[in-house]
Amino acid sequence: MTDRLAVRADDALIVVDVQNDFVRGGALAVPDGEAIVPLVNRLVGAFPSVVMTQDWHPAGHASFASSHPGAKPFEVIAAPYGEQALWPDHCVQGSPGAALVAGLATDKAFLVLRKGTNAAVDSYSAFLEADRKTTTGLAALLKARGVGRVFVCGLATDFCVAFTALDARSANFETFVVEDACRAIDAQGSLAAAQSRMDVAGVRRIASTALLG
């Protein structure tokens with residue numbers, strides 16, 4: 001059982017990709033994804049600093065199966081920067097699917113970070129693009145604001161949440177994933193694999209009750 005964690009002035013909450021295309025009826029719906037919104041809103045209200053991310057792809061993005069003749073969604077191809085999973089077209093810039101979910105408490109966020117804007121490179125993480133070299137600048141911004149601990153929630157646990165948490169840890173933030181404020185795709189063991197990587201890296205996996213009681 002996780003001990004109670006008091007929210008501190010140097011804490012930041014990162015709410016990852018709670019967008020229409022990742023919830024029921026969306027192009028790449030995460031099972032039960034819409035269910036996290038009330039809990040995410042409670043967490044937003046508890047934190048002094050909140051960042052929200054949006055997948056924000058141009059049409060024809062390299063991660064779309066439709067951009068590769070003969071390819072199907074969920075296949076994995078070799079990209080110039082390494083393996084790339086292919087997805088249905090999703091979160092296209094300016095589309096309804098790319099919008100943050102209605103009812104999400106966005107007003108408290110000091111930043112909405114749009115990622116995946118480079119047509120040739122995917123970006124699961126809020127900190128680094130998939131080439132693992134191109135930074136979003138988020139780590140420097142959080143450090144400039146005096147943030148020491150990062151808490152991550154959102155969609156999906158095994159992809160964008162995990163990559164964000166791992167990169168936060170690599171940037172020397174004490175890092176937590178609020179598991180009940182996330183949902184996973186869990187394709188071919190991807191959730192267990194992501195949890196193992198986070199455990200090895202020193203990311204702490206907690207329940208929201210540790211923060212909210």
Side-chain angles (χ1 to χ4, degrees), residues 14-36 53-101 113-136 138 152-170 177 179 182-201 203 205:
I14 302 178
V15 180
V16 176
D17 296 0
V18 183
Q19 295 169 259
N20 290 332
D21 268 344
F22 295 134
V23 300
R24 185 186 295 121
L28 187 51
V30 178
D32 203 35
E34 62 284 345
I36 69 171
T53 71
Q54 271 183 295
D55 244 14
W56 197 251
H57 297 309
H61 191 263
S63 71
F64 296 168
S66 63
S67 299
H68 305 272
K72 296 178 180 178
F74 310 109
E75 291 181 352
V76 177
I77 64 167
Y81 49 81
E83 289 189 346
Q84 172 64 55
L86 297 180
W87 307 105
D89 290 23
H90 65 279
C91 297
V92 174
Q93 294 172 2
S95 69
L100 294 170
V101 170
L113 176 71
R114 289 173 166 171
K115 59 188 181 64
T117 60
N118 183 335
V121 182
D122 208 0
S123 187
Y124 296 144
S125 171
F127 292 92
L128 287 173
E129 294 190 1
D131 61 8
R132 311 308 296 156
K133 296 182 291 186
T134 305
T135 177
T136 66
L138 181 58
V152 187
C153 64
L155 303 170
T157 316
D158 37 348
F159 288 94
C160 295
V161 168
F163 275 83
T164 295
L166 289 165
D167 285 346
R169 190 73 196 96
S170 293
V177 168
E179 290 191 297
C182 304
R183 293 293 187 273
I185 295 173
D186 200 14
Q188 300 177 329
S190 57
L191 177 59
Q195 289 171 332
S196 178
R197 291 197 304 273
M198 289 190 285
D199 291 345
V200 169
V203 175
R205 297 187 286 120

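Every heavy atom of this structure was used, including side-chain atoms; hydrogens, water molecules and symmetry mates were not. All values derive from a computational prediction rather than experimental measurement.
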Should R169 and M198 count as side-chain neighbours, where that means a heavy-atom distance under 4.5 Å?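 A side-chain contact under 4.5 Å is absent here.
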
Do I36 and R183 come close enough that some side-chain heavy atom pair is under 4.5 Å?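 Yes. Closest side-chain heavy atoms under 4.5 Å.
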
Checking V92 against F64 for the side chain to side chain contact (heavy atoms under 4.5 Å, CB included) test, could you report, in this order, the C-alpha distance in whole Å, the side-chain angles of both residues, the deciding distance, and whether it holds? CA-CA 10 Å; V92 174; F64 296 168; 4.0 Å; yes

Verdict with reasoning, Q93 to T117, per side chain to side chain contact (heavy atoms under 4.5 Å, CB included): CA-CA 8 Å; Q93 294 172 2; T117 60; 4.1 Å; yes

N/O donor-acceptor pair under 3.5 Å between [X] side chain and [Y] backbone:
X	Y	result
H61	V121	yes
T136	A126	yes
E34	R24	yes
T164	C160	yes
S123	K115	no
H57	C91	no

Under a 3.5 Å cutoff, is there a donor and acceptor pairing between the side chains of D55 and Q19?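 Side-chain D/A pair, D55 to Q19: absent.
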
Residue among D32, L155, L28 satisfying side-chain contact (heavy atoms from CB on, under 4.5 Å) with V23: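 Among the candidates, only L155 passes.
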
Quick check: closest heavy atoms across [X] and [Y], and the distance to 0.1 Å?
X	Y	result
C182	T157	CB-OG1, 3.2 Å
S190	A187	OG-N, 2.8 Å
Y81	A120	CE2-O, 3.5 Å
A71	L86	CB-CD1, 3.5 Å
W56	G94	CH2-N, 3.3 Å
P73	A65	N-CB, 3.5 Å

D131 and N118: CA distance, side-chain angles, deciding distance, side chain to side chain contact (heavy atoms under 4.5 Å, CB included) verdict: CA-CA 11 Å; D131 61 8; N118 183 335; over 6 Å; no

Residues R197, D158: salt bridge by 4.0 Å N-O rule: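 The answer is no: the pair does not qualify as a salt bridge.
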
Between atom CG of D167 and atom CG of L138, what is the distance when rounded to the nearest 0.5 Å?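 Spacing of CG (D167) from CG (L138) equals 10.0 Å.
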
Interatomic distance, T53 atom OG1 to D17 atom CG [nearest 0.5 angstrom]: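 It is 3.5 Å, given to the nearest 0.5 Å.
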
In terms of relative ring orientation, are F159 and W87 parallel, tilted or perpendicular, with 30° and 60° separating the classes?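 F159 vs W87 ring planes: perpendicular.
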
With a sphere of 6.0 Å drawn around CZ of R132, does it hold more than 12 non-hydrogen atoms of other residues, nucleotides or ligands?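 Counting neighbours around CZ of R132, more than 12 heavy atoms of other residues, nucleotides or ligands fall under 6.0 Å, so yes.
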
